[in-house]
Amino acid sequence: MTFRRLLFALALSFAVLLPSACVGAPEDADADADIGSAAAYPVEVSSCGITSTVDSPPSSAITMNQGATEVALALGVEERLAGTAYLDDAVPEKWRSAYETVPVLADQYPDHETILAAEPDFVYASYISAFDAEAAGDRATLHELGVATYVSPFGCGAEAPEPDVTFDSVWQEIADVAAVFGVPERAERIREEQADQLAALERESVGEGIEVFWFDSGDKTALAGAGGGGPQLILDAIGATNVFADVEGGWADVSWEDVVAADPEVIVLADAAWSTAEDKIAMLRRDEALSQLDAVRHERFVTVPFSESTPGVSLVDGATSVAEQIRALDLR
């Protein structure tokens with residue numbers, strides 16, 4: 001028994017009513033010839049003020065949150081995942097078949113015992129909440145068990161300062177994870193392909209001169225895409241004007257009076273399991289004041305999956321989708 005497996009066995013012996021069977025990925029570290037060589041290791045990767053050391057390419061990783069899962073799928077390392085958890089919406093079709101090969105450990109966050117039962121060697125999350133006591137557990141404890149961890153730099157919360165949301169900082173996260181898995185060239189390929197997509201969107205500037213309200217969720221107030229997050233990056237990429245660009249942060253609560261005063265030409269609706277685009281449209285239509293917004297009266301709605309509005313590997317796809325839908329509105 002390896003030292004790491006011994007540690008897991010000791011930890012599991014204190015868990016309550018855990019099944020004896022373990023779910024994990026195949027142990028063949030050479031299953032993919034594209035995986036980095038031993039000469040590239042150890043790899044040190046820092047996130048949210050904590051550094052993890054990875055001694056070899058993970059063979060039984062766990063992704064927590066859709067953003068982390070999609071980065072792993074985009075890098076083509078699904079065969080090295082022992083499990084995944086917590087979707088916000090549907091996984092894009094291009095990664096669906098790969099996603100379906102990975103065990104789903106929980107609809108939301110799996111608890112610490114479930115994590116240990118999968119015998120992971122790496123746990124990657126989009127938000128620091130994945131490492132709460134009732135979820136995967138403290139990162140330091142996992143490190144003591146030989147499990148490396150990584151959190152998206154955009155999901156640190158109060159744990160550490162977060163970087164400005166730019167496509168470069170998004171690509172840096174992908175590069176960090178690619179380094180952990182030993183596939184840095186795949187991250188570079190993603191960067192190049194997405195840079196080409198952005199260049200094409202900039203040339204077209206389909207949103208030029210169009211004022212947009214990005215509606216994430218909310219009823220008493222609106223959680224709007226503000227001036228410092230994924231929605232702003234998308235609107236900048238297509239040349240559109242965010243009516244709340246002067247509000248700090250990625251998202252911010254704004255009053256409905258401010259939305260009415262802005263009277264946007266287009267409303268972009270984030271579509272998530274907890275706040276669907278359909279529900280938001282119904283609310284806008286039945287409200288006496290909001291139903292008179294120009295965008296509502298003329299049915300100028302654009303829908304984007306929530307996962308394509310957050311800093312991550314799907315953000316450029318979100319920009320492309322928003323551009324296509326605004327083009328179809330034929331506002332020019």
**Prompt:** Hey, does Asp271 have a side-chain heavy atom less than 4.5 Å from the side chain of Val304?
**Reply:** no

**Prompt:** Do the charged groups of Arg189 and Glu192 touch, with an N to O distance under 4.0 Å?
**Reply:** no

**Prompt:** Taking the side chain from Gln325 and the backbone from Thr303, do they hold a donor-acceptor pair closer than 3.5 Å?
**Reply:** yes

**Request:** Start with the C-alpha distance between Leu293 and Val259, add both sets of side-chain angles, then the distance that settles side-chain contact (heavy atoms from CB on, under 4.5 Å), and finish with yes or no.
**Result:** CA-CA 9 Å; Leu293 290 171; Val259 174; 3.9 Å; yes

**Item:** Flag for Asn65-Tyr109: side-chain donor and acceptor within less than 3.5 Å
**Value:** yes

**Asked** Has the side chain of Asp89 got a donor or acceptor atom that lies under 3.5 Å from a matching backbone atom of Ser307?
**Response** yes

**Prompt:** Do the side-chain N and O atoms of Asp317 and Ser314 include a donor-acceptor pair separated by under 3.5 angstrom?
**Reply:** no

**Item:** Side-chain heavy-atom pair Val123, Met64 within 4.5 angstrom cut-off
**Value:** yes

**Prompt:** Taking the six-membered ring where the residue is Trp, are the ring centres of Trp256 and Phe215 under 6.0 Å apart?
**Reply:** yes

**Result of checking Tyr127, Phe131, Tyr124 against Val151 for side-chain contact (heavy atoms from CB on, under 4.5 Å)** = Phe131

**Message:** Centre-to-centre under 6.0 Å for Phe306 and Trp274, is that the case here?
**Reply:** yes

**Message:** Ignoring hydrogens and geometry beyond distance, is a side-chain donor-acceptor pair present between Ser59 and Asp121 at under 3.5 Å?
**Reply:** yes

**Message:** Is there a side-chain contact between Leu198 and Val316 in this structure, where contact means two heavy atoms from C-beta onward sitting under 4.5 Å apart?
**Reply:** yes

**Request:** Evaluate side-chain contact (heavy atoms from CB on, under 4.5 Å) for Arg300 paired with Ile267, printing each intermediate quantity in order.
**Result:** CA-CA 6 Å; Arg300 298 196 197 107; Ile267 298 176; over 6 Å; no

**Request:** Find the distance between CD1 (Ile115) and OG1 (Thr141) and round it off to the nearest 0.5 Å.
**Result:** 13.0 Å

**Prompt:** How long is the span from the NZ atom in Lys94 to the CG atom in Leu73, to the nearest 0.5 Å?
**Reply:** 10.5 Å

**Message:** Treating Ser60 as the side-chain partner and Glu119 as the backbone partner, does any N or O pair qualify as donor plus acceptor under 3.5 Å?
**Reply:** yes

**Basic-acidic side-chain contact under 4.0 Å: Asp253, Lys220** = no

**Prompt:** Under 3.5 Å, is there a donor-acceptor pair between the Asp279 and Thr276 side chains?
**Reply:** yes

**Item:** Sub-4.5 Å side-chain heavy-atom contact between Glu159 and Ile50
**Value:** no

**Heavy-atom closest contact (Val165 atom, Pro311 atom, distance)** = CG1-CG, 3.7 Å

**Message:** For the backbone of Pro42 and the side chain of Asp55, can you confirm whether one donor and one acceptor N or O come within less than 3.5 Å of each other?
**Reply:** no

**Request:** Kindly give the heavy-atom pair with the smallest separation between Pro163 and Phe154, and that separation in Å.
**Result:** CG-CE2, 3.8 Å

**Request:** Would you indicate whether the side-chain heavy atoms of Met283 and Asp219 approach each other to under 4.5 Å?
**Result:** yes

**Message:** Under a 3.5 Å distance rule, please check whether Gln66 uses its side chain to pair with a backbone N or O of Asp88 as donor and acceptor.
**Reply:** yes

**Item:** Gly155 versus Glu162, closest heavy-atom pair with distance
**Value:** C-OE2, 3.9 Å

**Prompt:** Do you reckon Trp251 sits in the same ILVMFWY cluster as Leu235, going by side-chain contacts under 4.5 Å, direct or chained?
**Reply:** no

**Fill in**
Rounded to the nearest 0.5 angstrom, the CD-OG1 distance for Gln197 and Thr320 is 4.5 Å

**Request:** Keeping the roles fixed (side chain from Thr69, backbone from Thr84), state whether a donor-acceptor pair exists under 3.5 Å.
**Result:** no

**Prompt:** Do Val296 and Ile326 share a hydrophobic cluster (ILVMFWY, side-chain heavy atoms under 4.5 Å, transitive)?
**Reply:** no

**Request:** Carefully, step by step, assess Tyr41 and Val54 under the rule side-chain contact (heavy atoms from CB on, under 4.5 Å).
**Result:** CA-CA 7 Å; Tyr41 290 85; Val54 182; 4.2 Å; yes

**Main-chain N/O of Ser52 paired with Tyr150 side-chain donor or acceptor, under 3.5 Å** = no

**Prompt:** Between the main-chain N or O of Leu290 and the side-chain N or O of Asp287, is there a donor-acceptor pair closer than 3.5 Å?
**Reply:** yes

**Item:** Residues Lys280 and Asp216 bridged, charged N to O under 4.0 Å
**Value:** no

**Request:** Start with the C-alpha gap between Glu299 and Arg285, add the side-chain angles, then the distance that decides, and say whether salt bridge (charged side-chain N to carboxylate O under 4.0 Å, His left out) holds.
**Result:** CA-CA 10 Å; Glu299 300 286 322; Arg285 285 175 174 162; 2.5 Å; yes

**Complete:** Separation between CD (Glu70) and CG (Leu315), nearest 0.5 Å, reads 11.0 Å

**Prompt:** Got His298 and Glu265 here, is their nearest side-chain heavy-atom distance under 4.5 Å?
**Reply:** no

**Prompt:** Any side-chain donor paired with an acceptor under 3.5 Å for Ser46 and Thr51?
**Reply:** yes

**Asked** Tell me, do Pro153 and Glu173 make a side-chain contact under 4.5 Å, heavy atoms counted?
**Response** yes

**Asked** Got a donor-acceptor contact below 3.5 angstrom from the Trp171 side chain to the Thr166 backbone?
**Response** no

**Request:** Find out if a path of hydrophobic residues (ILVMFWY) with successive side-chain heavy-atom gaps under 4.5 Å connects Val302 to Leu223.
**Result:** no

**Request:** Measure the shortest side-chain to side-chain distance between Leu269 and Ile281 over non-hydrogen atoms and say whether it is less than 4.5 angstrom.
**Result:** yes

**Asked** How far does CZ of Arg297 sit from CG of Leu284, to the nearest 0.5 angstrom?
**Response** 13.5 Å

**Prompt:** Going only through I, L, V, M, F, W and Y residues with side-chain contacts under 4.5 Å, is there a path from Phe213 to Leu331?
**Reply:** no

**Message:** Check for me, please, whether Val212 and Leu329 land in the same ILVMFWY cluster - side-chain distances under 4.5 Å, paths through other members count.
**Reply:** yes

**Prompt:** Is a donor on one side and an acceptor on the other found under 3.5 Å between the side chain of Gln108 and the backbone of Ala85?
**Reply:** no

**Request:** Please assess Asp176 against Gln172 for the test side chain to side chain donor-acceptor pair (under 3.5 Å), listing each intermediate value before the final yes or no.
**Result:** CA-CA 6 Å; Asp176 286 348; Gln172 184 58 55; 3.0 Å; yes

**Asked** Can you name the closest pair of heavy atoms from Ala118 and Leu105 and give their distance?
**Response** CB-CD1, 4.5 Å

**Asked** Looking only at heavy atoms, which two atoms of Gln232 and Ala245 are closest? And how far apart?
**Response** OE1-CB, 3.4 Å

**Request:** Check whether more than 12 heavy atoms from other residues, nucleotides or ligands sit under 6.0 Å from atom CD of Glu188, and answer yes or no.
**Result:** yes

**Prompt:** Which heavy atom of Ala226 sits nearest a heavy atom of Glu248, and at what distance?
**Reply:** CB-O, 3.9 Å

**Complete:** One should read off an interatomic distance between Asp236 CG and Leu201 CG, to the nearest 0.5 angstrom, of 12.0 Å

**Pair Ile238-Glu208, side-chain contact (heavy atoms from CB on, under 4.5 Å): steps then yes or no** = CA-CA 7 Å; Ile238 67 172; Glu208 186 174 0; over 6 Å; no

